[in-house]
Amino acid sequence: MVKVRFAPSPTGFLHIGSARTALFNWLFARHEKGVFVFRVEDTDKERSKDEFLQEIISSLEWLGMSWDEGPYYQTKRIDVYRDYAKKLFREGKAYEAEGTLGGEKAIILAMPKGTITLDDLVHGPVSFDMNLQKDLVLMKSDGFPAYNFACVIDDFDMKVTHVIRGDDHISNTPKQLAVYQALAIDPPKFAHIPLILGTDRSRMSKRHGATSISDYRQMGFLPDALVNYISLLGWAPTGDREVMPIDEIIREFSLERVGKTGAVFDINKLIWMNGEYIRARKIEDLIPLVVPRIKESGAIRDDYDKGRLTEVVRLFHPRAKTITELADSVAPFFTDGVTYDEAAVASVLAKEGVKAKLEVVIAKFSSLKTFDPQTLETCIRDLASESGTKAADFIHPIRVAVTGCKVGASLFETIALIGKEKTIMRLKAGLAKALSKYDSGPI
RNA sequence: GGCCCCUUCGUCUAGUGGCCCAGGACGGCAGCUUCUCAAGCUGUAGACACGGGUUCGAUUCCCGUAGGGGCUACCA
């Protein structure tokens, strides 16, 4: 029975790299129908914080990774580590030393001589000259176990069969192997997966920008899109598939197909993939995701028109890349005023002939009995042919006057959803805007 | 500095000696569509770090060089 673990230390938010490590462990466990253990490595009492743990747990849940065992807390197992360390001390394999952290003596393991070879599942055999290795602190003088010791004891006690972790731990492995050796117990199998890199190819960190799962959640990414994207960092399925549901990723996942080279996190590809997932998602399922964000902007309250919101979301559904973007596109449909993009006003509204066109449109719209996309399209196209110009010459100024910017969804559907009264109000506001610009100087 | 890891298009990658004058995806560029944007469709540019071997034949195997990264805590 395969058993793996994810063992973060709660000293910060769930990092994208840790999340990917968790994901590979989880995928491996699910693929092998094994057990996924969640362990909290909280032995650094200075840096460990409960708020971080809570954040890590909620991010894991948001991503859809559930564990079968745990959480185990290392701080609750201090006696276990101490007993093992004492045993090693009694056997003469470890020695004590005065410490600087607290009242207790540190227990230190003497490193063996010779060579230790790690048989890594992704890297193959890696040898280390143990004569170069410093003796390893097992128990710190504050009475807490050191990472490389607690980790070994836990993996052994919890019967972990495969340790899947970041490449950066590869140099810790000989130390841990020395502990297994001293204890005369069998080590698990190791698989060191490549790191996730920033654009400068160094390990992804704060200075590269957003690094935590919560950051990406906040930015409006969908969990399944994020999971799909990071699963492709350091791993590839057979064939040319990339966008694939989680069940298929689980079915396809194997350590043999994990690569060795660090992977640069490419937010552009994530954005694209998120767009794919948004488009694949039903409108009804998107509504509960955008509503809180629109509420935040103040555009709607609890008594919003649900039917109308659905229609507006439908309008932007094919073009939104993130939930944030979708909410930002939808919100203006529920506000009275318009925020004008001055550049758009200058290039589209403040032009000769626009004033006259807008006046005609206002007059025409006012006389309309129905205000649906078909009627509006016919209306504008007729207006254009009557005045001998292209429909575009009407459409662009109307869009800027009504929405404040040059780009957006289909104009006729847009103004139909905004409604006759509000559209005319905004056309007038746009007209005033055009006039003030036009008057203030030559074009 | 020492030890270790890595090296295919800008990026993620496929490729396990001939199927590769290297395939896919994102991004770029061009075009189609069109009321703008996005989406969609079509096309296009773009990589085996370098040098030695091994072999009838190397992107694939070996050695070296260069470059990048990681570790080097009584942090995890």
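Every chain is numbered from 1 and lettered A, B, ... according to where its sequence line falls, protein lines coming before strand lines.
Under the 3.5 Å distance criterion, the side-chain polar atoms of A/His162 are left unmatched by any main-chain donor or acceptor of A/Val4. Counting only distance, with no hydrogens or angles, the side chain of A/Glu377 and the backbone of A/Phe412 share no donor-acceptor pair below 3.5 Å.
B/C74 sits 40 Å from B/C9 when the P atoms are compared, rounded to a whole Å. With C1' as the reference atom, B/G18 and B/U11 are 30 Å apart, rounded to whole Å. Comparing the C1' positions of B/U13 and B/C6 gives a spacing of 16 Å, expressed to the nearest Å. Rounded to whole Å, the P atom of B/G10 lies 11 Å from the corresponding atom of B/G46. Rounded to whole Å, the P atom of B/U42 lies 12 Å from the corresponding atom of B/C26. Comparing B/G64 with B/C21, their P atoms sit 30 Å apart, to the nearest whole Å.
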Please tabulate the protein-to-nucleotide N/O contacts below 3.5 Å involving nucleotides 47-49 of chain B, giving atom names and distances.
none

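The ring of A/Phe265 has its center closer than 6.0 angstrom to the ring center of A/Tyr216. Aromatic ring centroids of A/Phe52 and A/Phe13 lie under 6.0 Å apart. For A/Phe38 and A/Tyr73, the distance between ring centers is not under 6.0 angstrom.
Here A/Gln133 pairs with A/Met111, A/Met130, A/Pro174, A/Lys175 under the side chain to side chain contact (heavy atoms under 4.5 Å, CB included) rule; sequence neighbours left out.
A salt bridge does not link A/Glu252 to A/Arg257: none of the charged side-chain nitrogens sits closer than 4.0 Å to a carboxylate oxygen. Using a cut-off of 4.0 Å between Lys/Arg side-chain N and Asp/Glu carboxylate O, A/Glu242 and A/Lys269 are scored as salt-bridged. A salt bridge is absent between A/Arg308 and A/Glu311; no separation between the charged side-chain nitrogens and carboxylate oxygens falls under 4.0 Å.
For A/Asn274 and B/A39, the CG to C1' distance is 15 Å, given to the nearest whole Å. Taking atom NZ of residue A/Lys49 and atom P of nucleotide B/A76, one finds them 14 Å apart after rounding to whole Å. In this structure, the CD atom of A/Glu413 is 14 Å from the C1' atom of B/A38, given to the nearest Å. Between A/Ile398 atom CD1 and B/C35 atom P there is a gap of 13 Å when expressed in whole angstrom units. A/Leu233 places its CG atom 12 Å from the C1' atom of B/C26, with the value rounded to the nearest Å. Spacing between atom CZ of A/Phe6 and atom C1' of B/A76 amounts to 12 Å, rounded to whole angstrom units. The distance from atom CD1 of A/Ile380 to atom P of B/U36 is 15 Å, rounded to the nearest whole Å. Between the CG atom of A/Asn228 and the C1' atom of B/C26 there is a distance of 13 Å, rounded to whole Å.
Using a 4.0 Å heavy-atom cutoff across all strands shown, A/Ala409 reaches at least one base atom of the nucleic acid. When heavy atoms are screened at a 4.0 angstrom cut-off, A/Glu242 is found touching base atoms of the nucleic acid. Residue contacts for A/Lys406: at a heavy-atom cut-off of 4.0 Å it reaches a base atom on one of the strands shown. The residue A/Gly275 sits apart from the nucleic acid: no heavy atom pair falls under 4.0 Å. A/Gly408 comes within 4.0 angstrom of a base, heavy atoms only. Residue contacts for A/Ser127: at a heavy-atom cut-off of 4.0 Å it reaches the sugar-phosphate backbone alone, with no base atom in range. Residue A/Ser48 is classed as having no contact, given no heavy-atom separation below 4.0 Å to the nucleic acid. The residue A/Arg257 sits close only to the backbone: its heavy atoms come under 4.0 Å of sugar-phosphate atoms, none of a base.
For the pair A/Arg279 and B/A38, the criterion of a side-chain N or O lying under 4.0 Å from OP1 or OP2 is not met.
Pairing for B/A38 is absent, with no Watson-Crick or G-U wobble pair whose two atom distances lie under 3.5 Å. Base pairing analysis places B/G10 opposite B/C26; the two distances defining the Watson-Crick or G-U wobble pair are each below 3.5 Å. B/G64 is paired with B/C50 under the criterion used here, namely a Watson-Crick or G-U wobble arrangement in which both key atom distances are under 3.5 Å. Figure legend. B/G1 is base-paired to B/U72; pairs are counted as Watson-Crick or G-U wobble with both atom distances under 3.5 Å. Using N1 to N3 plus N6-O4 or O6-N4 for Watson-Crick, or N1-O2 and O6-N3 for G-U wobble, each under 3.5 Å, B/A58 pairs with nothing.
Listed nucleotides B/U11, B/C5, B/C12 differ in distance to A/Asp266; the shortest reach to its side chain belongs to B/U11. For A/Val126, taking side-chain heavy atoms from C-beta onward, the closest of the listed nucleotides B/C4, B/C26, B/U7 is B/C4. Closest contact between the side chain of A/Leu232 and the listed nucleotides B/C12, B/C37, B/C6 involves B/C12. Comparing B/A14, B/G27, B/C12 against the side chain of A/Val264 picks out B/C12 as the nearest. Checking B/C35, B/C12, B/C3 against every side-chain atom of A/Leu132, the shortest atom distance belongs to B/C3.
Ring pair A/Trp235/A/Phe253 is tilted by interplanar angle, where 30° to 60° counts as tilted.
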**Message:** Can you build the contact string for nucleotides 64-74 of chain B? Use B for base contact, S for sugar-phosphate-only contact, and - for no protein heavy atom under 4.0 Å.
**Reply:** -----SSS-SB
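Between the side chains of A/Arg165 and A/Thr173, at least one donor N or O lies within less than 3.5 Å of an accepting N or O.
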**Asked** Would A/Arg207 and A/Asp200 count as a salt bridge (charged side-chain N to carboxylate O under 4.0 Å, His left out) if you check the C-alpha gap in whole Å, the side-chain angles of each, and the deciding distance to 0.1 Å?
**Response** CA-CA 11 Å; A/Arg207 71 197 156 83; A/Asp200 63 355; 3.1 Å; yes
